[in-house]
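Single-structure report; data block below.
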2 protein chains.
Amino acid sequence: MDMIKVSANSRTAAVAGAIAGVIREHKRAEVQAIGAGAVNQAVKAMALASSYLKNDGIEISFSPEFVDIEIEEKVRTAIKFVVESRAVPVVE
Amino acid sequence: MDMIKVSANSRTAAVAGAIAGVIREHKRAEVQAIGAGAVNQAVKAMALASSYLKNDGIEISFSPEFVDIEIEEKVRTAIKFVVESRAVPVVE
């Protein structure tokens, strides 16, 4: 499964759409962000994806963890969000 | 239950300790942040709280949502994180 990488310049709606798409298909997604601006975009995208998916009867929750990644031979600390879904009853 | 309010200047370890304490007592906590710096601190604190609580056999996940709050007669959009715990088997 591909990691969804978010930057400070990522569009919230585009990232939210990507998260919702991966969740619908795989029930699980991984989102990675480095730096305050990127983390903020990722969180806003997850809040928006939550409301998209709620209409389909899917609730998501996520767990953040620190991961060290190497970019241009320097180690940086990123936040990886593991997003998971659970089905909820849809009230008609 | 009190809302844990996080600012861009909040110390990660202090917020993580507060989250872990509330989760241990109530199994649920609410964390509020306004702005990119505050959201980033909140996420880092939740990642740190996750690792504190994992040692006690508690896993946490959270759901972000947008909330409008009024500060000095202006409406601002905050992120509210609902943090919830589930017990996991501890492997001895």
Side-chain angles (χ1 to χ4, degrees), chain A residues 4 6-13 15-16 19-20 23 27-69 76-88, chain B residues 4 6-13 15-16 19-20 23 27-69 76-88:
Chain A
I4 299 169
V6 181
S7 82
N9 301 318
S10 298
R11 286 196 315 114
T12 308
V15 177
I19 294 170
I23 286 287
K27 297 190 166 61
R28 188 174 188 282
E30 292 187 356
V31 178
Q32 182 180 287
I34 302 176
V39 166
N40 187 47
Q41 286 309 100
V43 167
K44 289 198 292 184
M46 287 185 283
L48 196 56
S50 290
S51 60
Y52 291 168
L53 290 164
K54 203 164 272 179
N55 298 331
D56 303 336
I58 299 169
E59 252 181 28
I60 54 174
S61 66
F62 57 95
S63 310
E65 51 193 75
F66 296 109
V67 286
D68 286 333
I69 57 171
R76 297 200 55 184
T77 301
I79 299 277
K80 185 176 87 174
F81 300 94
V82 178
V83 187
E84 286 175 307
S85 72
R86 57 168 191 251
V88 290
Chain B
I4 299 169
V6 181
S7 82
N9 301 318
S10 298
R11 284 195 315 115
T12 309
V15 177
I19 294 170
I23 286 288
K27 296 188 166 62
R28 188 175 189 281
E30 292 187 356
V31 178
Q32 183 180 286
I34 302 175
V39 166
N40 188 46
Q41 286 308 102
V43 167
K44 289 199 294 184
M46 287 186 284
L48 196 57
S50 290
S51 59
Y52 292 167
L53 290 164
K54 203 164 272 179
N55 297 331
D56 304 335
I58 299 169
E59 253 182 28
I60 55 173
S61 66
F62 59 93
S63 309
E65 51 192 76
F66 295 109
V67 286
D68 286 333
I69 57 171
R76 298 200 54 185
T77 301
I79 300 278
K80 186 176 86 174
F81 299 94
V82 177
V83 187
E84 287 175 307
S85 71
R86 58 168 190 249
V88 289

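Naming: A, B, ... by sequence-line order, numbering from 1 per chain.
Across every non-hydrogen atom of Ser63(A) and Ile60(B), the tightest pair is OG-O, 3.5 Å. The two atoms that bring Leu48(B) and Phe66(A) nearest to each other are N-CE1, 4.0 Å, heavy atoms only.
Contact annotation for Lys44(A): both backbone and side-chain heavy atoms come within less than 4.5 Å of a heavy atom of chain B.
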